[in-house]
Amino acid sequence: QVQLVEAGGGLVQAGGSLRLSCAASGRTFSLYGLGWFRQAPGKEREAVAAITRSPVRIYYGDYVEGRFTISRDNTKNTVYLQMNSLKPEDTAVYYCAATKPRGPVGLYSNLYDYWGQGTQVTVSS
């Protein structure tokens, strides 16, 4: 069982930046695929980014447009999402997620077995 705890959300002006982090419990963090998803009020959950275990491959949702960067630090059991050039439409609850060990990784939420509680990101215009 993996527990995920997000941090780093908050209120930021349009054009600003935030760095989300997600700390995971467990001793096999390096075997998990990891993803970030988001859900805005009244909208379906959508994928933001995903990162595989080593050798690392990274996937981004189409709307990211080079503004976000996902990374992982296996020594700290943490996955990050650096978000730059934020827009009001990026306002949502952001969730991190983990696959089962050695599980497939991608931008589909049904690939993930473990989810954090979410952190609110609000971008003002």
Side-chain angles (χ1 to χ4, degrees):
Q1 191 77 351
V2 176
Q3 291 185 326
L4 303 170
V5 180
E6 300 99 334
L11 174 64
V12 64
Q13 288 188 333
S17 298
L18 281 175
R19 188 193 195 201
L20 305 183
S21 63
C22 175
S25 63
R27 295 179 291 178
T28 57
F29 180 80
S30 64
L31 299 180
Y32 294 100
L34 302 161
W36 285 97
F37 293 79
R38 69 185 190 183
Q39 188 166 20
K43 296 187 177 181
E44 293 187 354
R45 185 172 296 186
E46 61 182 357
V48 178
I51 185 167
T52 69
R53 61 188 184 277
S54 181
V56 167
R57 296 186 303 276
I58 290 174
Y59 309 94
Y60 291 105
D62 290 342
Y63 58 84
V64 169
E65 299 173 329
R67 300 181 296 126
F68 297 176
T69 302
I70 188 172
S71 61
R72 65 189 297 165
D73 185 339
N74 291 338
T75 65
K76 297 181 179 180
N77 280 19
T78 301
V79 60
Y80 302 97
L81 184 69
Q82 177 68 44
M83 303 187 294
N84 299 327
S85 302
L86 283 162
K87 305 175 182 180
E89 51 263 44
D90 294 318
T91 295
V93 177
Y94 284 70
Y95 299 89
C96 71
T99 69
K100 58 186 177 184
R102 302 185 178 90
V105 181
L107 296 176
Y108 298 98
S109 61
N110 60 4
L111 295 175
Y112 297 84
D113 294 89
Y114 308 103
W115 292 83
Q117 82 288 351
T119 186
Q120 177 70 47
V121 171
T122 303
V123 185
S124 63
S125 58

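Residue V56 is not grouped with residue L107 when hydrophobic side chains (ILVMFWY) are merged at heavy-atom distances under 4.5 angstrom, including chains of intermediate members. Both L18 and V79 are assigned to one and the same hydrophobic cluster, defined by single-linkage of ILVMFWY side chains at heavy-atom distances under 4.5 Å. V64 and V123 fall within the same hydrophobic cluster, defined by Ile, Leu, Val, Met, Phe, Trp and Tyr side-chain heavy atoms under 4.5 Å apart, directly or through other members.
For the pair Y94 and M83, the minimum side-chain heavy-atom distance is below 4.5 Å. Side-chain contact between Q120 and T91 is present, with heavy atoms from C-beta onward closer than 4.5 Å. Between L20 and E6 there is no side-chain heavy-atom pair separated by less than 4.5 Å.
The nearest pair of heavy atoms linking A14 to P88 is CB-CD, 4.1 Å. Nearest heavy-atom pair across A40 and A92 is N-CB, 3.8 Å. When all heavy atoms of N77 and G26 are compared, the pair lying nearest together is ND2-O, 2.7 Å. Residues V93 and G118 approach most closely at CG1-CA, 3.8 Å, considering heavy atoms.
If you take SG on C22 and OH on Y114, they are separated by 13.5 Å, rounding to the nearest 0.5 Å. Between atom SG of residue C96 and atom OH of residue Y80 there is a gap of 12.0 Å, rounded to the nearest 0.5 Å. We find the CZ-OH distance between F68 and Y63 to be 6.5 Å, quoted to the nearest 0.5 Å. The OG1 atom of T69 sits 10.5 Å away from atom CZ of R19, with the distance rounded to the nearest 0.5 Å.
The backbone N or O of I70 lies less than 3.5 Å from a partner atom in the side chain of Y60, making a donor-acceptor pair. Remark: the backbone N or O of A97 is not paired with any side-chain donor or acceptor of Y32 at under 3.5 angstrom. Remark: side-chain polar atoms of T99 are not paired, donor with acceptor, to backbone N or O of V105 under 3.5 angstrom. Side chain of R102 to main chain of R53: no donor-acceptor pair is present (N/O by atom type, distance under 3.5 Å, no hydrogens or angles).
The local environment of NZ in K76 is sparse, with at most 12 non-hydrogen atoms from other residues, nucleotides or ligands closer than 6.0 Å. Within a 6.0 Å radius of CD in E89, other residues, nucleotides and ligands contribute more than 12 heavy atoms.
Y59 pairs in a side chain to side chain contact (heavy atoms under 4.5 Å, CB included) with only one of the listed residues (I51, T52, V48), which is T52. Checked options V121, L81, T119, D90; the residue passing with R38 is D90 (criterion: side chain to side chain contact (heavy atoms under 4.5 Å, CB included)). If you run side chain to side chain contact (heavy atoms under 4.5 Å, CB included) between F29 and each of D73, L34, T75, only L34 comes through.
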### Query
Given L86 and Q13, is the side chain to side chain contact (heavy atoms under 4.5 Å, CB included) satisfied, shown in steps?
CA-CA 8 Å; L86 283 162; Q13 288 188 333; over 6 Å; no
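Using a 30° and 60° split on the angle between ring planes, F37 and W115 fall in the tilted class, from 30° to 60°.
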